[in-house]
2 protein chains.
Amino acid sequence: MGKATRENSSPAPFAAEKLRTAGLRPTRQRMELAAHLFCGDDRHVTAESLHDEVARAGIKVSLATVYNTLHQFTAAGLLRQVVVDAVRGYFDTNTGDHQHFFLEDEGTLIDIPGEAIQVAGVPAAPAGMAVDRVDVVVRVKRT
Amino acid sequence: MGKATRENSSPAPFAAEKLRTAGLRPTRQRMELAAHLFCGDDRHVTAESLHDEVARAGIKVSLATVYNTLHQFTAAGLLRQVVVDAVRGYFDTNTGDHQHFFLEDEGTLIDIPGEAIQVAGVPAAPAGMAVDRVDVVVRVKRT
DNA sequence: TATCTTCTTTAGAATTATTCTAAAAAATGT
DNA sequence: ACATTTTTTAGAATAATTCTAAAGAAGATA
């Protein structure tokens, strides 16, 4: 059955390709983080939450590397940053057109599909400026 | 002409009333900050920017007091916080229904009247949650 | 006005999220 | 394997904000 062991089995074969395409060397840390980020459904993480998560999975990656990686992935278009909270920075694996609910009590984000929501009447951007993105945050609180 | 001097002339008579109504003692610092915030047009400030501004006007208020006051004013409904930037916190003197342009290059906010812009298709809030506010941020960049 | 009580201010320490630094480790090319 | 370029990382550094405890005002009262 070959020599696949816990040590040499790659956690997510697709990750290497994804990283290469993005112009990033497929290092162990980046592979592990990519595996956690891009394997299942879309998700929202903070540097800290992702770091905790991989740590609990027994993977050793420094927090600095998590920050670096999140930013590199964002620059490569693999992630998108969401600004909803003054204290924490969130990263979203869904880079398509969509918006968010933000549960203020828990600090949780929930995607709202882009087709669902429409923003009308945005005035022309100030002179010399172009619209980069329109972000909608629906802040909700426990009833 | 009475005995109005630089020392006893109140910088903004309306401020005292405004503060009392909000349940806040009209202290010198709060009066000065209110005068700067609520005298002219609507504006957007950060703790640091407001602190610098009053300092340049020769007024001595500690940064901690600026933070306290901005939060107290916000709790009293005199200000509203705007989350657009991961590093800095902004406060808006316009507490009515409106949205914002955010000039990412300069870190500047510009109001968009609430009547101008409409958001349609917001899904129902998650169970047990109620919509607190819908924020729209139109991020613009230099062309 | 003198006094008491309560609320504010403040300097500076503390906290928190994030970035920086410089050196060790890993990846890639030859 | 060797040389070169990237990465990773621990820990220091930064920056915004909050906390602390003590001194200073405000308001109420006698």
Side-chain angles (χ1 to χ4, degrees), chain A residues 7-8 10-11 15-36 44-55 59-76 78-79 81-91 107, chain B residues 7-8 10-11 15-36 44-55 59-76 78-79 81-91 107:
Chain A
E7 285 71 40
N8 68 10
S10 70
E17 203 40 42
K18 192 156 191 164
L19 291 173
R20 279 236 170 64
T21 306
L24 296 167
R25 285 189 184 173
T27 65
R28 177 180 64 80
Q29 302 56 354
R30 293 211 267 236
M31 300 275 278
E32 305 275 27
L33 292 173
H36 275 261
H44 305 95
V45 302
T46 65
E48 200 84 35
S49 81
L50 181 59
H51 183 249
D52 287 0
E53 178 181 325
V54 297
I59 296 161
K60 273 185 56 181
V61 182
S62 77
L63 185 55
T65 296
V66 174
Y67 273 104
N68 288 341
T69 304
L70 288 174
H71 285 136
Q72 291 155 354
F73 283 8
T74 301
L78 269 34
L79 288 178
Q81 258 189 89
V82 186
V83 180
V84 282
D85 189 26
V87 298
R88 243 177 264 298
Y90 289 83
F91 292 83
Chain B
E7 285 71 40
N8 68 8
S10 70
E17 201 42 41
K18 192 156 194 165
L19 291 175
R20 281 237 170 63
T21 305
L24 296 168
R25 283 190 185 173
T27 65
R28 178 180 65 78
Q29 302 57 355
R30 294 210 267 235
M31 299 277 278
E32 305 275 25
L33 293 174
H36 276 259
H44 305 95
V45 301
T46 65
E48 199 86 34
S49 81
L50 180 58
H51 184 249
D52 288 0
E53 178 180 327
V54 297
I59 296 160
K60 275 185 53 182
V61 183
S62 77
L63 185 54
T65 297
V66 175
Y67 274 104
N68 288 341
T69 304
L70 287 174
H71 286 137
Q72 290 154 355
F73 284 9
T74 300
L78 269 34
L79 289 177
Q81 256 189 92
V82 187
V83 179
V84 281
D85 188 26
V87 298
R88 242 178 262 300
Y90 289 83
F91 292 83

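Lettering follows sequence order; numbering is per chain, from 1.
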Undergrad: Tell me which one of A/V54, A/T27, A/L19, A/V45 satisfies side-chain contact (heavy atoms from CB on, under 4.5 Å) with A/L33.
TA: A/V54

Undergrad: To the nearest angstrom, how far is B/E48 atom CD from D/dT18 atom P?
TA: 13 Å

Undergrad: List the residues meeting side chain to side chain donor-acceptor pair (under 3.5 Å) with A/E17, not counting sequence neighbours, and say none if there are none.
TA: none

Undergrad: Under 4.0 Å, heavy atoms only, any strand: does B/H71 hit a base, just the sugar-phosphate, or nothing?
TA: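 Sugar-phosphate, no base atom in range.
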
Undergrad: Would you please name every residue forming a side-chain contact (heavy atoms from CB on, under 4.5 Å) with B/A22, sequence neighbours left out?
TA: B/L24, B/A76, B/L78

Undergrad: Specify the separation, in whole Å, of atom CZ of A/R20 and atom C1' of D/dT7.
TA: 15 Å

Undergrad: Looking at residues at least two apart in the chain, or sitting in another chain, which of them share a side chain to side chain donor-acceptor pair (under 3.5 Å) with B/H44?
TA: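 For B/H44, the residues satisfying side chain to side chain donor-acceptor pair (under 3.5 Å) (neighbours in sequence not counted) are B/D92, B/H100, B/D111.
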
Undergrad: For the helix from C/dT1-D/dA30 to C/dT30-D/dA1, what is the angle between the axes at its two ends, each from 5 pairs, rounded to 10°?
TA: 20°

Undergrad: Rounding to a whole Å, what distance do you find between A/H51:NE2 and D/dT8:P?
TA: 13 Å

Undergrad: Do nucleotides 9-15 of chain C as a string where each nucleotide becomes B, S or -: B if the base has a protein heavy atom under 4.0 Å, S if just the sugar-phosphate does, - if no protein is that close.
TA: SBS----

Undergrad: Scan A/V83, A/D85, A/L79, A/L70 and name whichever one has a side-chain contact (heavy atoms from CB on, under 4.5 Å) with A/Y90.
TA: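 Testing A/Y90 for a side-chain contact (heavy atoms from CB on, under 4.5 Å) against A/V83, A/D85, A/L79, A/L70 leaves exactly one candidate, A/D85.
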
Undergrad: Among all residues two or more places apart in sequence or in another chain, which pass the side chain to side chain donor-acceptor pair (under 3.5 Å) test with B/T74?
TA: none

